[in-house]
*Asks:* 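Dropping a structure here in C-alpha cells format, bear with me for questions.
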Amino acid sequence: MRLSPLTRRRLAVFRAHRRGFWSLWIFLVLFGLTLFAEFIANDRPLVIRFDGHWYFPVVQDISEDRFGADFMPTEADYSDPALQAAIRAKGWMVWPAVPFHYDTVVNRLPVPAPAPPSWRNLLGTDDQARDVLARVIYGFRLSVLFGFTLTLISSMIGVAAGAIQGFRGGLTDLLFQRFIEIWSGMPQLYLLIILASIITPSFWVLLVFLLLFSWMNLTGVVRAEFLRGRNLEYVRAAKALGVSDIAVMWRHILPNAMVATLTFLPFTLSGSVTILASLDFLGFGLPPGSPSLGELVNQGKDNLQAPWLGITAFVVLGGLLTLLIFIGEAVRDAFDPRKAGR
C-alpha cells in the first residue's frame with residue numbers, strides 16, 4: 001500500500017521524536033507481554049508430561065485423580081507437594097516464569113504478610129499474601145484494556161455528536177450545547193457511590209457508567225472543525241452537486257476533523273487509565289480481589305511498613321502514564337502542520 005506524501009512526512013516527524021518513538025515501542029512490548037499473562041504468571045504448569053500423556057493445565061481443567069488413584073476427582077491443586085511428587089515420579093512439568101496467579105495466596109512465607117521482595121516473590125507480597133508481580137502483570141493488562149475500550153467507544157460517540165452539532169448548527173447546536181452543559185455538571189462521584197450501593201461494580205458496569213460522561217471530551221473539538229468546514233468552498237460545491245449530508249460529513253469534513261481528534265487520543269487514554277486507578281483506590285472500582293493498580297496504591301497507603309507496595313504502584317502507574325504522554329506528544333507533533341510540512 002502506497003502512503004501519501006503527507007502521511008510519510010507525518011511518520012517521519014513521529015520517528016524524529018525519539019522520546020515518543022521509543023516510548024511507543026516500550027509500551028507495545030509491555031502490553032504485548034501482558035496479553036499473554038496467563039502464560040507468564042500462573043499457578044498452573046504450562047505443560048505436563050505424565051505417564052506417556054500430554055496435559056496443558058494452563059488452558060484446561062484437569063482433575064487430580066488423573067495423576068494417581070490416591071487423589072480426589074476434583075480440580076488439581078498444583079501447589080500441593082504430594083501432587084507435585086506424584087507428577088515427577090512418572091513425568092515432568094514446566095512452570096511459568098512467575099508460578100503465581102493474581103489471586104493465588106502464597107503459602108509458607110518466612111514472615112507474616114506483606115512479605116518483602118525475595119527470589120521467590122520478586123516484588124514481595126501484599127497484605128493478603130498475594131504475589132505483587134503477578135498482580136502487576138494482570139493489573140497492567142486490565143488497566144490498558146479498560147482504557148482502550150473506554151477511549152475508543154467514547155471517542156466514537158463524541159465524534160458523532162460533535163459532527164452532528166457542527167454540521168447542522170442552528171437550533172440543533174444550541175440545544176445540544178445546553179444539554180452538554182447540564183450533563184457535564186452532574187456529580188459523577190456521587191452518582192457512582194449511589195450506584196455502588198445498589199449493585200457491585202464490575203468491568204462492564206464501570207465502563208458503561210464512565211461512557212455516560214467521557215464522550216464529551218472530544219465533542220467540542222469536532223464541533224468546531226465541522227462549524228468551520230461546512231462553509232468551505234469544496235463542501236458547498238459537493239452539496240450543490242446533490243451529495244448527501246452523510247457523504248459530505250464522512251468524505252469531506254471528517255478527515256480534517258480527525259487530525260485534531262487523533263492528537264487527543266493518547267491523552268484521553270492516559271486519563272481513562274487514571275480514572276480506573278482512582279476509583280479502585282477509593283473503593284468504588286472493580287470488585288475486591290481484582291488485579292487493580294489502584295488497589296495496590298491503596299495497599300501502599302495502608303501498609304507504610306511495606307514500602308515496596310507503594311514504590312511498585314508508583315513506578316508502574318507513573319511509568320505507564322509517562323509512556324502514554326510521550327506517545328501523545330509525538331502524535332501531536334506528527335499532526336502539527338507546521339512540523340509535518342517542513
*Asks:* I'd like to know if the side chain of Glu329 and the backbone of Gly20 have a donor-acceptor N/O pair within less than 3.5 Å.
*Replies:*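 Flag not set: sc Glu329 to bb Gly20 has no pair under 3.5 Å.
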*Asks:* Take atom CZ in Arg168; do more than 12 heavy atoms of anything else shown fall under 6.0 Å from it?
*Replies:*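 Atom CZ in Arg168 is not packed in, count stays at 12 or less.
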*Asks:* Any side-chain heavy atom of Met186 sitting closer than 4.5 Å to one from Leu212?
*Replies:*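 No, every pair of side-chain atoms sits at 4.5 Å or beyond.
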*Asks:* Shortest non-hydrogen contact from Leu150 to Ser272?
*Replies:*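 Shortest heavy-atom separation between Leu150 and Ser272 comes out as CD2-OG, 3.6 Å.
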*Asks:* Output, in order, the C-alpha distance, side-chain angles, deciding distance and verdict of side-chain contact (heavy atoms from CB on, under 4.5 Å) for Leu309 and Leu296.
*Replies:* CA-CA 7 Å; Leu309 296 176; Leu296 185 61; 4.0 Å; yes
*Asks:* Under the criterion side-chain contact (heavy atoms from CB on, under 4.5 Å), I'd like the reasoning laid out for Leu265 against Val331: C-alpha separation, chi angles, the key distance, then a yes or no.
*Replies:* CA-CA 9 Å; Leu265 289 184; Val331 172; over 6 Å; no
*Asks:* Has Phe27 got more than 12 heavy atoms of other residues, nucleotides or ligands less than 6.0 Å from its CZ?
*Replies:*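 Correct, the count exceeds 12.
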*Asks:* Indicate whether the side chain of Asp51 and that of His53 have a donor and an acceptor atom separated by less than 3.5 Å.
*Replies:*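 There is no such pair between these side chains.
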*Asks:* Are any of the side-chain heavy atoms of Leu324 and Pro266 separated by less than 4.5 Å?
*Replies:*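 Not in contact.
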*Asks:* Distance check, rounded to the nearest 0.5 Å: Leu133 atom CG versus Leu122 atom CG?
*Replies:*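 Going from the CG atom of Leu133 to the CG atom of Leu122 covers 6.0 Å.
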*Asks:* Atom CZ of residue position Arg8 - does it have more than 12 heavy atoms of other residues, nucleotides or ligands inside 6.0 Å?
*Replies:*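 Yes.
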*Asks:* Minimum heavy-atom separation for Ala76 and Phe67, please, with both atom names.
*Replies:*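 Shortest heavy-atom separation between Ala76 and Phe67 comes out as CB-CE1, 4.5 Å.
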*Asks:* Which atom names give the shortest non-hydrogen contact between Gly285 and Asp280, and what distance separates them?
*Replies:*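 For Gly285 versus Asp280, the nearest heavy atoms are CA-OD1, 3.1 Å.
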*Asks:* Check for a donor-acceptor pair, side chain of Ser290 on one end and backbone N or O of Ser292 on the other, with a separation under 3.5 Å.
*Replies:*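 Not confirmed, Ser290 side chain does not pair with Ser292 backbone.
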*Asks:* Of Phe140, Phe36, Phe148, which meets ring pair (Phe, Tyr, Trp, His ring centres under 6.0 Å) against Phe31?
*Replies:*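 Single ring pair (Phe, Tyr, Trp, His ring centres under 6.0 Å) partner of Phe31 among Phe140, Phe36, Phe148: Phe148.
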*Asks:* Could you grab the distance from atom CG of Leu28 to atom CD1 of Ile327, nearest 0.5 Å is fine?
*Replies:*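 Reported value, rounded in 0.5 Å steps: 7.0 Å.
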*Asks:* For Thr268 and Thr151, does a side-chain donor sit closer than 3.5 Å to a side-chain acceptor?
*Replies:*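 No, no side-chain donor-acceptor contact under 3.5 Å.
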*Asks:* Are Ile199 and Leu210 linked, directly or through other ILVMFWY residues, by side chains that come within less than 4.5 angstrom of each other?
*Replies:*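 Yes, it is one cluster - the side chains of Ile199 and Leu210 are joined through contacts under 4.5 Å.
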*Asks:* Supply the atom-to-atom distance His101 NE2 to Ser79 OG, rounded to the nearest 0.5 angstrom.
*Replies:*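 So the gap between those two atoms works out to 13.5 Å.
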*Asks:* Closer than 3.5 angstrom, by distance alone: can the side chain of Glu295 be matched with the main-chain N or O of Pro288 as a donor-acceptor pair?
*Replies:*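 Such a contact is absent between Glu295 side chain and Pro288 backbone.
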*Asks:* Could you tell me which residues satisfy salt bridge (Lys or Arg N to Asp or Glu O under 4.0 Å) with Arg15, sequence neighbours excluded, listed by chain and number?
*Replies:*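 Arg15 satisfies salt bridge (Lys or Arg N to Asp or Glu O under 4.0 Å) with no residue once adjacent residues are dropped.
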*Asks:* Looking at every heavy atom in both Ile48 and Met93, which two are closest together, and how far apart are they?
*Replies:*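 Residues Ile48 and Met93, closest heavy atoms: CG1-CB, 3.7 Å.
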*Asks:* Mind checking the CZ-CD spacing from Arg141 to Glu38? Nearest 0.5 Å is all I need.
*Replies:*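 Between Arg141 CZ and Glu38 CD, I get 4.0 Å after rounding to 0.5 Å.
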*Asks:* Spell out, as yes or no, whether a donor-acceptor pair under 3.5 Å connects the side chain of Gln84 to the backbone of Tyr78.
*Replies:*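 Answer holds: yes.
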*Asks:* Checking Trp215 against Ile180 for the side-chain contact (heavy atoms from CB on, under 4.5 Å) test, could you report, in this order, the C-alpha distance in whole Å, the side-chain angles of both residues, the deciding distance, and whether it holds?
*Replies:* CA-CA 10 Å; Trp215 61 270; Ile180 290 178; 4.0 Å; yes
*Asks:* Same cluster or not: Phe213 versus Phe176, using hydrophobic residues (I, L, V, M, F, W, Y) connected whenever any side-chain heavy atoms lie under 4.5 Å apart?
*Replies:*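 Per the 4.5 Å side-chain linkage, Phe213 and Phe176 are co-clustered.
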*Asks:* Please step through side-chain contact (heavy atoms from CB on, under 4.5 Å) for the pair Asn121 and Ser118, ending with a clear verdict.
*Replies:* CA-CA 5 Å; Asn121 306 105; Ser118 63; 4.1 Å; yes
*Asks:* Flag the pair Glu75 / Arg44 as yes when at least one side-chain heavy-atom distance between them is below 4.5 Å, and no otherwise.
*Replies:*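 Side chain of Glu75 against side chain of Arg44, heavy atoms only: contact under 4.5 Å found.
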*Asks:* Is the backbone N or O of Phe326 less than 3.5 Å from a side-chain atom of Arg19, with the two atoms forming a donor-acceptor pair by type?
*Replies:*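 Checking the backbone N and O of Phe326 against the side chain of Arg19, no donor-acceptor pair under 3.5 Å is found.
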*Asks:* I need the full list of side-chain hydrogen bond (donor to acceptor under 3.5 Å, both in side chains) pairs touching residues 171-180, with sequence neighbours left out, sorted by first then second residue.
*Replies:*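 Checked against side-chain hydrogen bond (donor to acceptor under 3.5 Å, both in side chains) - neighbours excluded - the pairs reaching residues 171-180 are Gln165-Asp173, Gln165-Gln177, Asp173-Arg223, Arg178-Glu181.
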*Asks:* Are the ring centres of Phe209 and Phe284 closer than 6.0 Å?
*Replies:*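 Aromatic pair excluded; centres sit 6.0 Å or further apart.
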*Asks:* Using modelled atom types and a 3.5 Å cut-off, is there a donor and acceptor pairing between side-chain atoms of Asp131 and backbone atoms of Ala134?
*Replies:*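 Here the side-chain-to-backbone pair exists.
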*Asks:* Taking the side chain as every heavy atom from C-beta outward, state whether Ile253 and Glu225 have any atom pair closer than 4.5 Å.
*Replies:*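 In short, these two side chains do not touch, never coming nearer than 4.5 Å.
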*Asks:* How about CH2 on Trp250, more than 12 heavy atoms from neighbouring residues, nucleotides or ligands closer than 6.0 Å, or not?
*Replies:*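 Open.
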*Asks:* Do Tyr138 and Leu142 have side chains that get closer than 4.5 Å, going by heavy atoms?
*Replies:*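 They are not in side-chain contact.
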*Asks:* Please identify each residue that fulfils ring pair (Phe, Tyr, Trp, His ring centres under 6.0 Å) with Trp95, with sequence neighbours left out.
*Replies:*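 By the ring pair (Phe, Tyr, Trp, His ring centres under 6.0 Å) rule, Trp95 matches no residue at all.
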*Asks:* If I take atom CG from residue Leu276 and atom CZ from residue Phe281, how far apart are they, to the nearest 0.5 angstrom?
*Replies:*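 Spacing of CG (Leu276) from CZ (Phe281) equals 14.0 Å.
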*Asks:* Specify the closest pair of heavy atoms between Pro57 and Ile62, including all atoms of both residues, with the distance to one decimal.
*Replies:*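 Answer, listing the atom of Pro57 first, then Ile62: CG-CD1, 4.0 Å.
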*Asks:* Is there a path of hydrophobic side-chain contacts, each under 4.5 Å between heavy atoms of I, L, V, M, F, W or Y residues, that connects Ile40 with Leu35?
*Replies:*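 Yes: a chain of side-chain contacts under 4.5 Å links Ile40 to Leu35.
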*Asks:* For the side chain of Arg49 and the backbone of Gly52, is there at least one donor-acceptor N/O pair under 3.5 Å apart?
*Replies:*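 Yes; judged by distance alone, with no hydrogens or angles, the pair exists.
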*Asks:* Once rounded to the nearest 0.5 Å, what's the spacing between atom CG of Leu317 and atom OG of Ser270?
*Replies:*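 Nearest 0.5 Å value for the CG-OG distance: 11.5 Å.
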*Asks:* Taking the side chain as every heavy atom from C-beta outward, state whether Leu279 and Ile275 have any pair of such atoms under 4.5 Å apart.
*Replies:*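 Counting from C-beta outward, Leu279 and Ile275 do come under 4.5 Å.
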*Asks:* Any non-hydrogen side-chain atom of Leu323 less than 4.5 Å from a side-chain atom of Leu30?
*Replies:*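 Of all side-chain heavy-atom pairs linking Leu30 with Leu323, at least one is under 4.5 Å.
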*Asks:* If hydrophobic clusters are built from ILVMFWY residues whose side chains come within less than 4.5 Å, do Ile194 and Leu211 share one?
*Replies:*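 They do share one cluster, since a chain of ILVMFWY contacts under 4.5 Å joins Ile194 to Leu211.
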*Asks:* Do you know which two heavy atoms are closest between Val47 and Trp54, and how far apart they sit?
*Replies:*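 For Val47 and Trp54, the tightest heavy-atom pair comes out as CG2-CE3, 3.7 Å.
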*Asks:* What class does the angle between the rings of Tyr55 and Phe50 fall in, given that below 30° is parallel, 30 to 60° is tilted and above 60° is perpendicular?
*Replies:*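 It falls in the tilted class, 30° to 60°.
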*Asks:* Look at the side-chain heavy atoms of Ile, Leu, Val, Met, Phe, Trp and Tyr, link any pair under 4.5 Å apart, and say whether Leu227 and Leu171 land in one connected group.
*Replies:*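 No; tracing contacts between hydrophobic side chains, which count when under 4.5 Å, never links both residues.
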*Asks:* Under 3.5 Å, side chain of Thr125 to main-chain N/O of Ala115, donor-acceptor pair present?
*Replies:*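 Flag set: sc Thr125 to bb Ala115 pair under 3.5 Å.
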*Asks:* Tell me, do Phe167 and Val222 make a side-chain contact under 4.5 Å, heavy atoms counted?
*Replies:*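 Side chain of Phe167 against side chain of Val222, heavy atoms only: no contact under 4.5 Å found.
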*Asks:* Output yes when a side-chain donor or acceptor of Arg135 lies under 3.5 Å from a complementary backbone atom of Leu293, and no otherwise.
*Replies:*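 Here the side-chain-to-backbone pair does not exist.
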